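First comes the structure, then the notes that go with it.
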Amino acid sequence: MEAIGDRIKRLRKEILDKTQKEFGEHIGLKPNSVSDIESGKNNLTKQTANAICREFEINKDWLLTGEGEMCDIPEDETVAAVSELLEESNPFYDLIIGIVHTYKKLDDKSQETLRNLSQELLDNLKKRG
């Protein structure tokens with residue numbers, strides 16, 4: 001299992017593309033403190049965890065345990081994005097409707113297989129950063 005320091009380092013480098021100095025400036029830490037947390041020399045404090053989650057919209061469960069989604073997208077932003085996708089003027093509208101109708105026609109086993117495949121694809125994309 002990936003350690004907290006490894007998750008923070010991956011977040012900083014691969015997702016945010018920030019140096020330790022840049023990352024630290026956002027959360028009130030010096031570069032050497034970021035380094036110590038990433039290496040496991042120092043533990044992540046509750047205050048620093050809260051700052052990371054707040055500043056970068058990171059899911060606290062993911063940060064602390066590795067469980068769940070990395071990004072914590074506010075619900076209103078998610079609703080707005082989905083609403084926009086489902087406007088008939090959106091070029092993806094027909095595609096989305098077609099996918100939903102096709103999925104609903106599948107038997108339970110096929111739906112489960114598709115969900116598992118989709119999750120595996122998402123997991124692989126996250127690993128690539």
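Predicted model, so just to flag it, every value in this text is computed and none were measured. For the numbers below, each heavy atom of this structure counts, side chains included, while hydrogens, waters and symmetry mates do not.
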Give a yes or no answer on whether the side chain of Thr48 reaches the backbone of Leu44 with a donor-acceptor pair at less than 3.5 Å.
no
According to salt bridge (charged side-chain N to carboxylate O under 4.0 Å, His left out), does anything in residues 31-51 pair up with another residue at least two apart or in another chain? List the pairs.
Arg12-Glu38
Contacts of Glu69 that satisfy salt bridge (charged side-chain N to carboxylate O under 4.0 Å, His left out) - sequence neighbours left out
Lys126
Under the side-chain hydrogen bond (donor to acceptor under 3.5 Å, both in side chains) rule, collect the residues that match up with Tyr93, sequence neighbours excluded.
none
Return the set of residues passing side-chain hydrogen bond (donor to acceptor under 3.5 Å, both in side chains) with Glu2 (not counting sequence neighbours), or none when no residue passes.
Arg10
Let me have the donor-acceptor pairs involving side chains of residues 23-34, under 3.5 Å, with sequence neighbours excluded, atom names and distances please.
none

Heavy atoms of other groups near Gln111 CD, more than 12 under 6.0 Å:
yes
Identify, with sequence neighbours excluded, every residue that meets side-chain hydrogen bond (donor to acceptor under 3.5 Å, both in side chains) alongside Asp94.
none
Counting distance only, does the side-chain N/O of Asn90 pair as donor-acceptor with the main-chain N or O of Glu84 below 3.5 Å?
yes
Listed by chain and number, what are the side-chain contact (heavy atoms from CB on, under 4.5 Å) partners of Glu22, not counting sequence neighbours?
Lys18, Thr19
Running the 4.5 Å side-chain criterion over Ile, Leu, Val, Met, Phe, Trp and Tyr, what cluster does Leu106 land in, apart from itself?
Tyr103, Leu114
Using the test side-chain hydrogen bond (donor to acceptor under 3.5 Å, both in side chains), find all partners of Asp123 that sit at least two apart in sequence or belong to another chain.
Gln119
Atom pair CD (Glu87) and CG (Leu85), whose distance is rounded to the nearest 0.5 Å:
9.0 Å
Does Ser35 have any side-chain contact (heavy atoms from CB on, under 4.5 Å) partners at least two apart in sequence or in another chain, and if so, which?
Gln20
Among all residues two or more places apart in sequence or in another chain, which pass the side-chain contact (heavy atoms from CB on, under 4.5 Å) test with Asp17?
none
Might you confirm whether atom CG of Asn116 has over 12 heavy atoms from other residues, nucleotides or ligands at distances under 6.0 Å?
yes
Between Leu122 and Ile15, is there shared hydrophobic-cluster membership here, with clusters defined by ILVMFWY side-chain heavy atoms closer than 4.5 Å?
no
